[in-house]
Trainee: 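What follows is a single structure, and I will ask about it in a moment.
In what follows, every chain begins at residue 1, and chains take the letters A, B, ... in the order their sequences are listed. What you see is a predicted model, and the numbers here were worked out from it, not measured in a lab.
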Amino acid sequence: MKKFINAPDDVVREALAGVAAAHADLRVDVSNQIVVRTDAPVAGKVGLVSGGGSGHEPLHGGFVGAGMLDAAAPGEIFTSPVPDQILAATKAVDGGAGVVHIVKNYTGDVLNFQMAAELALDDGVRVETVLVDDDVAVENSTWTAGRRGTGATLIVEKVAGAAAAEGQALEAVAGVGRRINESSASFAVALTACTTPAAGKPGFDLPDDEMEVGVGIHGEPGRRREKLLSAKEIVRIAYDAIQSAKPLQPADRVIVIVNGLGATPLIELYLLFGEVAAVLKDAGVEIVRNLVGNYVTSLDMAGMSVTVCRADDEILRLWDAPVRTPALRWGT
Amino acid sequence: MKKFINAPDDVVREALAGVAAAHADLRVDVSNQIVVRTDAPVAGKVGLVSGGGSGHEPLHGGFVGAGMLDAAAPGEIFTSPVPDQILAATKAVDGGAGVVHIVKNYTGDVLNFQMAAELALDDGVRVETVLVDDDVAVENSTWTAGRRGTGATLIVEKVAGAAAAEGQALEAVAGVGRRINESSASFAVALTACTTPAAGKPGFDLPDDEMEVGVGIHGEPGRRREKLLSAKEIVRIAYDAIQSAKPLQPADRVIVIVNGLGATPLIELYLLFGEVAAVLKDAGVEIVRNLVGNYVTSLDMAGMSVTVCRADDEILRLWDAPVRTPALRWGT
Amino acid sequence: MDIPLTRTWITTVATTIAEQSDYLTQLDSAIGDADHGVNMNRGFSAVVAALDGYEATSVGDVLLRTGTTLVSRVGGASGPLYGTAFRAMGKVLDGTDVDDRDVAAALRAGLEGLQKLGAAVPGDKTIVDAYAPALEAFDSDLDNGGTLASAASAAADAARDGMRGTTAMQARKGRASYLGPRSVGHQDPGATSTWLIFRALAEVTDRAAPSTVEA
Amino acid sequence: MDIPLTRTWITTVATTIAEQSDYLTQLDSAIGDADHGVNMNRGFSAVVAALDGYEATSVGDVLLRTGTTLVSRVGGASGPLYGTAFRAMGKVLDGTDVDDRDVAAALRAGLEGLQKLGAAVPGDKTIVDAYAPALEAFDSDLDNGGTLASAASAAADAARDGMRGTTAMQARKGRASYLGPRSVGHQDPGATSTWLIFRALAEVTDRAAPSTVEA
Ligand SMILES: Nc1ncnc2c1ncn2[C@@H]1O[C@H](COP(=O)(O)OP(=O)(O)O)[C@@H](O)[C@H]1O
Ligand SMILES: Nc1ncnc2c1ncn2[C@@H]1O[C@H](COP(=O)(O)OP(=O)(O)O)[C@@H](O)[C@H]1O
Ligand SMILES: [Mg+2]
Ligand SMILES: [Mg+2]
Ligand SMILES: [Mg+2]
Ligand SMILES: [Mg+2]
C-alpha cells in the first residue's frame with residue numbers, strides 16, 4: 001500500500017485537521033468528526049446535514065458552506081458515521097426550522113441516520129430524511145437493500161441547499177431533494193480496485209485487460225466483469241443502463257456529471273464527457289448544465305461514474321443559485 | 001494500460017471536444033488545439049497565453065477565463081505545443097496591448113514559445129515572456145536546462161491574470177508574473193509512475209515500498225529514490241528542500257498549494273496540508289491563502305507537490321481578485 | 001449467568017474480534033468494503049474501555065453498556081445492528097445473576113431487535129443466518145435438559161454451520177447485495193463475527209461451568 | 001545530391017523513424033517523458049505528406065519544407081531543434097543538384113542552427129553528441145577523397161559512436177538533466193534519432209552511388 005498517511009487509524013482525523021487548517025469558514029470538530037459552517041445555525045433556515053463514510057472526498061465535507069450543506073458527519077473510511085456524530089451535527093445546524101438529513105442508501109448510513117433522527121426528535125428537532133438511491137447498476141426491490149446512493153447526492157445537496165438558503169420550509173426542502181433523486185440515475189465503471197488504509201491491499205484483483213462494470217463507491221466489485229472497452233463503448237454501456245432503468249426522452253433537459261472515482265485523470269474525464277455529450281445529442285437530450293471532475297470518489301480507484309438528472313426550470317434555478325463551499329462555488 | 005480512451009493518438013483532441021461540450025464560455029479549436037475565452041480579444045487588455053504538454057489538466061485549459069488566462073495552447077501528451085498553435089492563440093487574444101506568454105521552463109516549451117514570439121513580433125504583436133522555474137528539486141545553473149516550472153505556474157497565471165484584468169500594462173503584468181516566480185518554490189514526491197497513452201506502460205518501475213523524491217510532472221524519475229516514509233516525514237523533506245533553496249523567514253506570509261499529481265485522493269492531500277500547516281506554523285510562517293486539490297497533474301501519477309509563494313499585500317489583492325474559469329473560480 | 005461472567009464474555013469477544021480482525025476485513029473485502037474487522041475491533045475495544053471500572057448493578061447493565069458503546073462507536077451496518085441486539089438483551093436482564101432461560105430470552109430479544117432494525121430474514125446472507133440457528137440450538141439444548149454451557153456450545157456450533165451456509169447464498173441485504181449473483185461463493189463477514197460472539201459465550205460458560213468430569 | 005535523392009533521404013528517414021518509434025520512446029521513457037518516438041514519427045509522417053506532390057525547385061526547397069513541417073508539427077524539444085537544423089540546411093542549398101561540399105556545408109549550417117537555438121555543446125548528452133562527430137567524419141572523409149556515399153557512411157558510423165558515448169554522460173541539457181547523476185547509464189534518445197537520420201543518408205547515397213564493384 002502506498003499512501004501519504006502516517007497511520008491507517010489516524011487518516012480521517014488527520015485529514016480533518018488539514019480541512020480545518022485550509023478552510024477558515026468551516027468549523028471542524030476533529031475528534032468528533034463534524035464539519036460545520038461557521039455561521040451555523042442560521043436562525044429560521046432549514047439545516048442540511050449529510051454524511052457517510054470517508055474516502056469519497058470532496059463529498060461531503062467539501063460541500064459544506066453557503067448555499068449547500070450546513071454540516072457533514074464523515075465516518076471512518078467507507079464506514080457510515082455513528083448516531084452521536086450525526087446528532088451533534090444536526091443540533092449544531094438547527095436554526096428552529098428543522099433539519100434535512102441527506103442519506104445515501106446503504107444499510108449502515110440508513111440505520112445510523114435513522115437512530116440519529118430519533119435522538120434528534122427526542123431533543124425536539126424535526127428531521128426529514130432524503131434518501132438518495134440513484135445507482136441504476138443495482139436493481140431496485142423491496143426485498144433487498146435496494147439501489148445505492150452515488151453521484152446524485154451532490155445534486156441533491158446543491159439543490160436542496162439552495163432551497164434552504166432561500167428560506168423554503170422543511171418539507172419543501174426535503175421535497176425538492178427527493179425530486180432530484182427520482183429524476184437522477186448514475187452508473188459507474190472501474191479500471192482498478194481501491195485500497196483502504198486498514199486493508200492495505202486492493203479490494204479485488206482486476207486483470208490488466210478487464211474492468212468492473214456497475215461498480216459502487218466503496219471498493220466492492222461491480223455487477224459484472226468485462227474485457228476493457230473503448231471510452232465510447234463504456235459510455236454506451238452506462239447510457240444503456242440508465243436508459244433501461246430511468247429512460248430519458250427526446251427534448252429532456254439534463255444536468256450531467258462525469259465524475260472521477262479518485263485516480264482517473266481529468267483529461268480522461270473530459271474525453272468521457274465528450275462521448276456522453278455525443279450520445280445524448282443523438283438521443284435528442286439537451287445537456288443544460290454539467291460538472292466534470294472528482295466529486296464523489298472512492299479513494300484511489302481508477303474509474304468514472306456518469307450521473308444524469310432531468311431538470312426543470314425550478315431545479316435549474318436552484319442549481320444556478322450561489323454556492324460557496326470548498327469544492328463547489330459559483331454565483332455571487 | 002487501463003485508460004478511458006479510444007485511441008492513444010486521439011486523446012488530446014477528443015478531450016478537447018469534451019472541454020468544448022462542457023464549457024460554453026470557452027472557444028475551443030479542437031483541430032488546432034487552442035482554448036480561448038469567448039470574449040477574446042478584449043480591446044486594450046493585455047492578453048495572457050500559456051500552454052505546454054497535455055496531461056497536466058486542469059493546467060492550462062482549465063484556467064482560461066475571466067481574471068486568468070485568455071488562451072491556452074495544449075500540446076500532445078507531455079509535448080510542448082508547436083509555434084503555429086501558440087501564434088494562433090497569441091493573435092486570438094491580442095487586444096492591442098500586447099500579450100504575455102507564461103512558459104514553464106522546459107527546453108521544448110521554451111523553444112516553441114520563443115519561435116512563436118518571434119513570429120508574433122513579425123505580425124506586430126508585442127510579446128513578453130514569463131518563465132516559470134519553481135521546482136527546487138533541480139539545481140539552478142546556467143550550464144543546464146535549469147529548474148522546471150510546476151505548481152507556481154497556477155499562481156503566476158492567477159496573479160498576472162488579475163493584473164491584466166484590472167488594466168495593467170504589458171510590462172507590469174509580466175513583471176508581477178516574474179515576481180511570483182521568484183517568490184515561489186515547489187517540491188514533488190511520487191508514489192507511482194504515470195503511463196502515457198503512447199508508451200502504454202509506466203515510465204519507471206517503483207517497488208511497493210519506495211518513492212521517487214524530487215519528481216517532475218512528465219513522468220520522469222525523480223532526483224532520488226527512497227524508502228517510503230510517513231506523510232509527516234515526506235512533508236519534512238519537501239520543506240527542507242524549499243528552505244535550502246529559497247528560505248522562508250519567520251513572519252513571512254505565504255500562499256500554499258498542496259497539489260495532487262493525478263491519482264492521489266483528496267483525503268491524502270488534506271492530510272498532507274495539515275502536515276504542511278504544522279511545519280510552517282513551527283517556522284513562524286503564516287499561510288494566508290491555500291489550495292488543496294489536483295491543479296497541476298501528471299496523468300495518473302500518484303504523488304503530490306507542495307508549492308509555497310511568499311506574498312505581499314499587492315499579490316494577495318491580485319490573488320483575491322475575481323476569477324471565473326473551469327477549475328478556479330471565486331469572487332463576483 | 002452473573003455479572004462477572006457476562007463481563008468475561010464481552011471481554012473474550014473483544015479479544016477474539018481483535019485476533020480475527022484481519023480475517024473479518026478480508027471476508028468483507030470480497031463482497032463488501034473491507035472494514036468489518038476494523039469496525040468490530042474499534043467497537044469492542046471501546047466496549048472494553050467503557051466497561052473498565054464501570055459499576056454494573058445487573059447483568060443487563062453490562063450488555064446495555066456494550067450495546068450503547070457499539071452504537072456510538074462502530075458506525076456502518078454492524079454498529080447499529082449489534083448495538084441494538086446487545087441493548088435489547090440488556091433490557092430484559094435486570095438481575096445480578098440470571099438463569100439460563102433468562103439468557104435464552106435475552107438472546108431472543110437481541111435477535112428480534114436486530115431483525116426489526118435490519119429487516120433481514122434467514123437466507124439473506126447476514127448476521128441473522130448465524131444468529132437465528134444459534135438461538136434455536138440454544139433453546140432446544142435447554143429444552144433437552146442442557147446447561148448454560150452446553151446450550152452455548154450447541155449455539156456456537158449452530159452459528160458456525162449457519163455461517164458456513166451463507167457461502168452458498170446470494171445476498172439480499174447489506175452491501176453484498178449490490179453484487180447480485182457474484183455474492184454467491186463468499187462467506188458473510190457479519191455471520192462470521194456472530195459465530196465468534198457465540199463461540200466466546202461457549203468458551204466462557206464452559207470454563208465457568210461446574211466440572212462435569214466424573215468427580 | 002539532387003532533388004529526388006534528397007526526397008528519398010527524407011522518406012527513408014520517415015520509414016526508419018516509424019520503425020524505431022517504440023525504441024526511441026522507450027529510451028525517452030528512461031530519462032525523459034516517453035514521447036521522443038511519437039514526436040519524431042508524428043513529425044516525419046507530416047513531412048512525407050507535405051512533400052507528396054510538392055514541386056521543389058531546389059534541393060534546399062525539400063529540406064526547408066521538411067524543417068518547416070517539423071517545427072509546426074512536432075513540438076517538444078526535438079521539433080524546433082531538428083526543424084531549425086533542416087531549415088538551416090535548406091537555406092544554403094539552392095541548386096537542383098548540389099555537390100558533396102555543398103552537402104557538407106549544409107550539414108554544418110544545420111548543426112550551427114541547432115546549437116544556436118539549443119545552446120548544447122558536446123558532452124551535454126543531446127543530439128549534438130551524435131551530430132557533431134558525424135559532421136566531422138563527413139568532412140574528413142571528403143578531405144580524404146571520399147564520395148558522398150563514403151562520407152555519409154563515415155558520418156553514420158561516427159553518429160553511432162557518438163550516440164553510444166552518450167550513455168556514460170550526465171545530461172546537462174533537456175529533460176534528462178533533471179535526473180542529475182541518475183541520467184548516467186542511459187543512451188540519449190535525441191542522439192539516437194540523429195544516428196537514424198545519418199544512417200538513412202548513408203543508405204540512400206550508397207544505393208544511388210555509381211557501382212564501385214570492379215566493373
Ligand atoms: N439488514 C441487515 N441485517 C442483518 N445484518 C446485516 C444487514 N445488513 C448488513 N448486515 C451484516 O453486516 C455485515 C457488514 O458489516 P460492516 O462491514 O461492519 O458494515 P458495512 O456493510 O456498513 O461496511 C454484513 O456482512 C452482514 O452480515
Ligand atoms: N538543448 C538541446 N540541444 C540539443 N538537443 C537537445 C536539447 N534539449 C533536448 N535535446 C534533445 O531532445 C531529445 C528529446 O526530444 P523529445 O523527447 O522529442 O522532446 P522533449 O524532451 O520535449 O520531450 C533529447 O534526447 C535530447 O537529445
Ligand atoms: Mg463500511
Ligand atoms: Mg515531451
Ligand atoms: Mg463493511
Ligand atoms: Mg521527450
Trainee: Which pair of non-hydrogen atoms, one from B:Val36 and one from B:Val64, has the smallest distance, and what is that distance?
Mentor: C-CG1, 4.0 Å
Trainee: Less than 4.5 Å to any heavy atom of chain B: does that hold for the side chain of D:Ser177, its backbone, both, or neither?
Mentor: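 For D:Ser177, heavy atoms of backbone and side chain both lie under 4.5 Å from chain B.
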Trainee: Write down the atom of D:Ile10, the atom of D:Leu63, and the distance for their closest heavy-atom approach.
Mentor: CD1-CD2, 3.9 Å
Trainee: Assess the residue pair D:Arg160 and D:Asp157 against the criterion (salt bridge (charged side-chain N to carboxylate O under 4.0 Å, His left out)); give the C-alpha distance rounded to whole Å, side-chain angles, the decisive distance to 0.1 Å, and a yes or no.
Mentor: CA-CA 5 Å; D:Arg160 189 198 53 224; D:Asp157 288 350; 3.5 Å; yes
Trainee: Do you know which of B:Asp84, B:Thr107, B:Thr79, B:Thr196 has the most heavy-atom pairs under 4.5 Å to chain D?
Mentor: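 When all of B:Asp84, B:Thr107, B:Thr79, B:Thr196 are compared, B:Thr79 has the most.
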Trainee: How about B:Lys104 and B:His60: does a side-chain donor come under 3.5 Å of a side-chain acceptor?
Mentor: yes
Trainee: Between B:Thr150 and B:Asp135, do the side chains contain an N or O donor and an N or O acceptor separated by less than 3.5 Å?
Mentor: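 No.
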Trainee: Can you tell me if D:Trp9 uses its side chain to pair, donor with acceptor, with the backbone of D:Ile197 under 3.5 Å?
Mentor: yes
Trainee: If you take all heavy atoms of B:Leu229 and B:Glu226, which pair is closest and at what distance?
Mentor: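 B:Leu229 and B:Glu226 have their closest heavy atoms at CD1-OE1, 3.7 Å.
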Trainee: Under a 4.5 Å cutoff for heavy-atom pairs, which residue among B:Arg224, B:Lys201, B:Arg147 has the most contacts with chain D?
Mentor: B:Arg224
Trainee: Could you check which of D:Ala176, D:Gly174, D:Ser21 has the highest count of heavy-atom pairs closer than 4.5 Å to chain B?
Mentor: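 Max contact count across the listed options: D:Gly174.
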Trainee: Would you mind checking if B:Arg223 and B:Glu139 are paired as a salt bridge, meaning a charged N to carboxylate O distance below 4.0 Å?
Mentor: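 A salt bridge is present here (some side-chain N lies under 4.0 Å from a carboxylate O).
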Trainee: What part of B:Asn105 gets closer than 4.5 Å to chain D, counting heavy atoms only: side chain, backbone, both or neither?
Mentor: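 Just the backbone, heavy atoms under 4.5 Å.
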Trainee: By a 4.5 Å heavy-atom criterion (distance strictly below it), what part of D:Val38 contacts chain B: side chain, backbone, both, or neither?
Mentor: side chain
Trainee: Please classify the contact between D:Arg42 and chain B as side chain, backbone, both or neither, with a heavy-atom cut-off of under 4.5 Å.
Mentor: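 For D:Arg42, side-chain heavy atoms alone lie under 4.5 Å from chain B.
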Trainee: Under 4.5 Å heavy-atom distance to chain D, tell me which part of B:Pro221 shows up: side chain, backbone, both or neither.
Mentor: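 The answer is both parts of B:Pro221.
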Trainee: With a 4.5 angstrom heavy-atom cut-off, is it the side chain or the backbone of D:Val121 that approaches chain B, or both, or neither?
Mentor: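 Neither; nothing under 4.5 Å.
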Trainee: Answer with side chain, backbone, both or neither: which region of B:Gln33 has an atom nearer than 4.5 Å to a non-hydrogen atom of chain D?
Mentor: neither
Trainee: Give, as side chain, backbone, both or neither, the part of D:Ala119 having an atom under 4.5 angstrom from any heavy atom of chain B.
Mentor: neither
Trainee: Please classify the contact between B:Ile86 and chain D as side chain, backbone, both or neither, with a heavy-atom cut-off of under 4.5 Å.
Mentor: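 Looking at B:Ile86, nothing touches chain D.
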